[in-house]
Amino acid sequence: MDFALSEEQRMLQDSISGYLEGGSSLECVRQVAEGGGVRADDVWQELAGLGVHGVLIDEDYGGVGLGHLEAALIAEALGATTTPVPYVASSIMAPTAIAAAGSSEQKESWLPRIAAGEIVVGVGVTEQIGRRESDGITSAGGNLTGKAMFVLDGAEADAYLIASDDGAMHMVDSGEVERQRLKTIDRTRTVAEVTLNGAKADTLSGSTTSREALLATIDVGRLILAADTLGAAQTMLDKAIDYAKERRQFNRVIGSFQAVKHMCAEMAAELEPCRSMIWYAAHAYGAIPEEGRAMACHAKAHLAEVGQFVARKSTEVHGGMGITDLLGLHYWFKRIGFNRQLLGAPELVREEAAKAQGWI
Amino acid sequence: MDLEYSPEYQAFRDEVRQFLGEHGSKAPRPQGGDDRMQPRDWQQLLIEHGYAARTIPREYGGYGAEPDILKTRIIAEEFARARVPPGHSGDNRLVPTVLELGTEEQKRKYVGPSVRGEVSWCQGYSEPGSGSDLASLSTKAELDGDEWVINGQKIWTSGAKTADMMFCLVRTEPDAPKHNGISYLVFSMDTPGIDVRPLVTMTGEAFFNEVFFTDVRVPKDQIVGKRGEGWFVANTTLRYERGGLGDPNEAENRFLRIVDMMQRETVGGVSLMENPIYRDRLLKLQARILAMKFNGMRVLSHNIKGEEAGLPRWIVKLNGCELNHQMAGMAVDVMGELGLLYDGSPYLRDHGFWQARYMLDLGLIIGGGTAQIQKNMIGERALGLPKEPKYDQAAA
C-alpha cells in the first residue's frame, strides 16, 4: 500500500519538467502564439527524443510502453509550461484508439510513426460527445461524409482519426479532407474544422461492432486534459503566491493581508486534492477497469471547476497586472479554459460519471 | 502507486474480521441487551487482542505494540465496516501527553484507569475571552502552600457533565509573555468549587458546557510538565488530537447514504436521482469527496513512511468539515419540506440525522480551529506567506 509516485515516475517528471522549463519558456510560447504557428517544432522534436509521443505505445511498435499515470504526469508538465505542441490527440487518444481497435497491420502502419514523432494525428470525436455545428459523420463503403468540428491537434495533422455516427473510428489521410483551423482563445494547441466529402477511410476494424474503443479513447482524452489543467493551475497558483510575497502595498507585502492569504489558501485547498485525484484516476484507468470511466469523467469535470477557480483567483491576486499581455498569465488562463470545454464541458461529463455508476 | 495490501496486512485484516465475526455481536449497544458485554469488559477484550490502546505500553495498561499506522487504519476500517463500536485509548489527547511528558507516578495513576475506561476526561482549554487566541486565556491558578487555587471560567467543554477528570490550561505566571505563563493541570471534576452548566446549542442539545471555578484547590503535584510550559504541553496534545483516527471511510459512506436517499425519495412520483439538477449537485459533491479521499490516502502513505505530508495534511480539517456540512445541506435539500421536520416528528427520515448534522457540522467548521484560522495556517505554514503584522508592531 503506497499512494505515491514511484522513483521512476518522479524521475520522468523531473526530466520532462526540467527540459520544458527552459525549452518551453514564455518566449517560446509567445513566439508560437503570436506568430500564428501550429507548434514549437524544436520542442516537439526534443520531446520525441524523450519518448513522449510514444508514452502509451507498446515497445513492439516503437513506443516506451508506460502507463496512464506516466502519460498524465507528462500532460501535467506540458500544462505547467503551456507547451505549444500536440499531445492529447496525437500522442494519447489516437494511439489508444489504434491499439484498442486497430488490426495488426493498422498498428504496424501508424503506431511507430506516431511514437517517433514523424506524424501528427488529429482526433475528431466531438460529434459523438456534444454535436453543435455539424450534422454528423456518416460512413459508407469505406468513405466518410460530413463535418468534424473541434478536431484536436487538427491544424497541422498528417492524418486524422475520425469517429463516425455509428461509433466506428477511421484513419483518414490529410490529403483526403478539407481543413480549416479554428481560432480559439488558446493559441498553444490547435483545433480544426475537417470537412469530409466521401473521404477515403481506413476503418479501425475492431471499432465497427462496439463503441467501447471510442469511449475508451474519449475517457483517456478527458483524463489527459484534466492532468494538463492540474499543471496549468498549479503554475498559476505558484505565480500568485510568489507575487503575493513580493508585491507591497500599504507598507506590507500583500500576502500578509488575510484577504489575499485566504485566496491563496483556498486555491491550494481546492487544487492539492486534485493531484491525488489525477493519480488515482490515471492509476484506475489501467488497474481498476470498473472505476476507470467514472474516475476519468470526475477528473475532467472536477479539474475544469477547480482550474477555473484557480485561474480566476490567481489572476486577481496579481491585481491589474494579472490581465495584461506583458505578464503572460493569460496563456495559462486560456489553456485551462480550453481544457474545460473540449471533450465535454463539466455538466455533460458529470452526467457520464452518473451513467458510469449506474445511477441513471 | 500500489493500492494493494501486502500479505502481512491482508492476514492482519483477516484476523480482525475473524475477531469481529466471533465477538462483534457481543459488543455493547446503547439499548443494551442480555447478550451484550459491559463497555469496560468489551474494552478489556479489545485491549487483549490489540484492537484498543494498541501502542500504549503494557505496563500502563495497553497492548504494547509497535506503532503501525496501517494496522491502526485496518482496525478502524474493519470495526466501521462491521458496525461494531471501536475501542479507545483512554483519551487520545490526555493519554499521549501524560505518556510523553508526565512523571512516572502520573503515568501509573492516570493512563491505566483511562485506558480501561474507569476514568473519563474533559478538556478545559477555551474561555469566553479566548477562542482562536487561546494563549490569551485568563483562568488563573495561584500557589497556596501545597495547592493550586483556581479561579475563572472555561467554555465549550464537551462531556464535562459526565467526565471524572479535567485536563486544564491555567495562567500561573501572570507577568510572563502570554505563551510562557500557562500551566497544564489535571484534577477531579468532583473537586469543590467546580460548577458545570450545560450550554445548549442550536440543535437543542447540550453537548457542550460552561465550567466555572471558584477557589478550586488542586494538589501542587497535579501539574503535567513544568510550571509555565503548559502551552507547549498542550500542543503535544493538539498534535495527537489531529492524529486521531476515526473511520477513514466515513465521508464516503455518508455520501452513499445520500445516493440511496436520492434513489428512494420522490417528488411528484419522480425520484430525485432522475432530476438532473439534483443529480449534478450530487456529482459535484462526489468529486470533492473522492478528491479528499485520495488526498487522505496520500497523507496516510506519507505517514507510513515517516514523512511530513505538508500541504495535503494542512487542508484536511478545512475541507473535511466543509464537505460534511455540504453533504448534510444536500441531504436536507433532497428531502425538501421533509427536511424541516425535527424532534421525532412523523415522516422524519433517518431519525433526523441530517437536520442535526447540518447544524452540528457548522459547529465543527468553527470548533477546533476555525476555517479562517485553518486558512491562515495553510497560507503561512504550507505556502510560506508572511504572518499578519502584530497589532503592537503595527501601532509602533
Side-chain angles (χ1 to χ4, degrees), chain A residues 1-6 9 67 69 237-238 241 244-245 251-258 260-284 287-288 294-295 297-299 301-303 305-306 346-347 349-354 357 359-360, chain B residues 1-6 9 70 73-74 259 262-263 273-274 276 279-284 286-302 304-305 307 310-316 318-319 322 371-372 374-380 382-389 394:
Chain A
M1 164 71 198
D2 190 22
F3 193 95
L5 300 180
S6 67
Q9 286 161 343
L69 184 48
L237 173 56
D238 292 345
I241 292 167
K245 288 176 185 173
N251 296 320
R252 295 161 59 173
V253 293
I254 60 169
S256 68
F257 288 104
Q258 286 193 337
V260 176
K261 185 181 294 171
H262 286 193
M263 275 205 281
C264 293
E266 285 161 12
M267 286 190 271
E270 288 297 319
L271 188 59
E272 195 58 27
C274 291
R275 185 175 310 283
S276 303
M277 185 180 224
I278 292 290
W279 290 359
Y280 186 88
H283 175 75
I288 316 170
M295 289 311 310
C297 291
H298 261 317
H302 189 56
L303 265 295
E305 304 289 16
V306 174
E347 286 77 7
V349 179
R350 278 193 290 270
E351 278 293 78
E352 296 295 318
Q357 295 176 90
W359 291 344
I360 43 172
Chain B
M1 294 285 279
D2 174 13
L3 305 184
E4 303 292 318
Y5 287 88
S6 70
Y9 289 101
L70 208 44
R73 184 178 171 103
I74 287 169
V259 173
M262 292 230 337
Q263 287 165 333
M273 190 60 98
E274 288 173 65
R279 192 164 65 231
D280 192 58
R281 183 169 163 193
L282 181 80
L283 268 291
K284 271 183 170 169
Q286 186 186 28
R288 303 190 67 197
I289 288 161
L290 287 172
M292 280 310 289
K293 174 188 168 179
F294 305 139
N295 183 76
M297 291 163 77
R298 186 173 162 208
V299 172
L300 175 74
S301 292
H302 280 298
I304 289 169
K305 289 181 277 191
E307 298 165 356
L311 180 58
R313 180 176 68 82
W314 284 111
I315 62 178
V316 168
L318 177 70
N319 286 356
E322 176 63 29
Q372 289 66 37
Q374 300 299 322
K375 288 176 194 174
N376 280 350
M377 293 200 298
I378 294 166
E380 290 161 17
L383 307 180
L385 291 166
K387 278 179 175 290
E388 190 98 357

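Order of the sequence lines fixes the chain letters, A, B, ..., with proteins taken first and strands second; residue numbering starts at 1 for each chain. These numbers come from a predicted model, not from an experiment.
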Asker: How many angstroms lie between atom CD of A/Glu352 and atom CD1 of A/Ile360, to the nearest 0.5 angstrom?
Answerer: 8.0 Å
Asker: By a 4.5 Å heavy-atom criterion (distance strictly below it), what part of A/Met295 contacts chain B: side chain, backbone, both, or neither?
Answerer: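 For A/Met295, side-chain heavy atoms alone lie under 4.5 Å from chain B.
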Asker: Between B/Lys305 and chain A, which part of the residue has a heavy atom less than 4.5 Å away: side chain, backbone, both or neither?
Answerer: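 B/Lys305 touches chain A through side-chain heavy atoms alone.
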Asker: Could you have a look at B/Glu4, B/Lys387, B/Arg288 and say which one has the most heavy-atom pairs with chain A under 4.5 angstrom?
Answerer: B/Arg288
Asker: Please classify the contact between A/Ala4 and chain B as side chain, backbone, both or neither, with a heavy-atom cut-off of under 4.5 Å.
Answerer: both
Asker: Give the member of B/Met273, B/Met292, B/Arg279 that has the highest number of heavy-atom pairs under 4.5 Å with chain A.
Answerer: B/Arg279
Asker: At a heavy-atom separation under 4.5 Å, does B/Asn376 approach chain A through its side chain, its backbone, both, or neither?
Answerer: both
Asker: Indicate the atoms forming the closest heavy-atom contact of B/Leu70 with B/Tyr9, along with that distance.
Answerer: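 Smallest heavy-atom distance, with atoms named: CB-CE2, 3.8 Å.
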Asker: Checking the side chain of A/Gln357 only, and the main-chain atoms of A/Ala353 only, is there a donor and an acceptor separated by less than 3.5 Å?
Answerer: yes
Asker: Distance from A/Lys261 atom NZ to B/Leu385 atom CG, nearest 0.5 Å?
Answerer: 6.5 Å
Asker: Please flag which part of A/Ile288 lies under 4.5 Å from any non-hydrogen atom of chain B: side chain, backbone, both or neither.
Answerer: side chain
Asker: Side chains of B/His302 and B/Arg313: closer than 4.5 Å at any heavy-atom pair?
Answerer: no
Asker: Please identify, among B/Val259, B/Leu300, B/Val299, the residue contributing the most non-hydrogen atom pairs under 4.5 Å to chain A.
Answerer: B/Val259
Asker: As an exercise: rank A/Ala281, A/Ala268, A/Ser6, A/Pro346 by heavy-atom pairs under 4.5 Å with chain B and give me the winner.
Answerer: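 Sorted descending by pairs with chain B, the first entry is A/Ala268.
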Asker: Once side chain to side chain contact (heavy atoms under 4.5 Å, CB included) is applied, do any residues pair with B/Gln374, and if so which ones, sequence neighbours excluded?
Answerer: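 With neighbours one apart ignored, the set is B/Lys317, B/Leu318, B/Met377.
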Asker: Against chain B, work out which of A/Arg350, A/Lys245, A/His302 has the most heavy-atom pairs shorter than 4.5 Å and name it.
Answerer: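 Most pairs with chain B among the choices: A/Arg350.
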Asker: Please check if any side-chain donor atom of A/Gln258 sits under 3.5 Å from a side-chain acceptor atom of B/Gln372, or the reverse.
Answerer: no
Asker: Based on non-hydrogen pairs under 4.5 Å, which of B/Gly379, B/Ala382, B/Ala371, B/Gly384 is most in contact with chain A?
Answerer: B/Gly384
Asker: Looking at CD of A/Glu347 and CG of B/Asp280, how far apart are the two atoms once the value is rounded to the nearest 0.5 Å?
Answerer: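 These two atoms lie 5.5 Å from each other.
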Asker: With a 4.5 angstrom heavy-atom cut-off, is it the side chain or the backbone of A/Ile241 that approaches chain B, or both, or neither?
Answerer: both
Asker: First locate atom OG of A/Ser276, then atom CZ of B/Arg298, and finally report the distance between them rounded to the nearest 0.5 Å.
Answerer: 4.5 Å
Asker: Looking at B/Asn295, B/Leu383, B/Ile378, B/Val316, which has the largest count of heavy-atom pairs under 4.5 Å with chain A?
Answerer: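 Most heavy-atom pairs under 4.5 Å with chain A: B/Leu383.
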Asker: Sort A/Arg252 into side chain, backbone, both or neither according to what part of it lies under 4.5 angstrom from a heavy atom of chain B.
Answerer: side chain
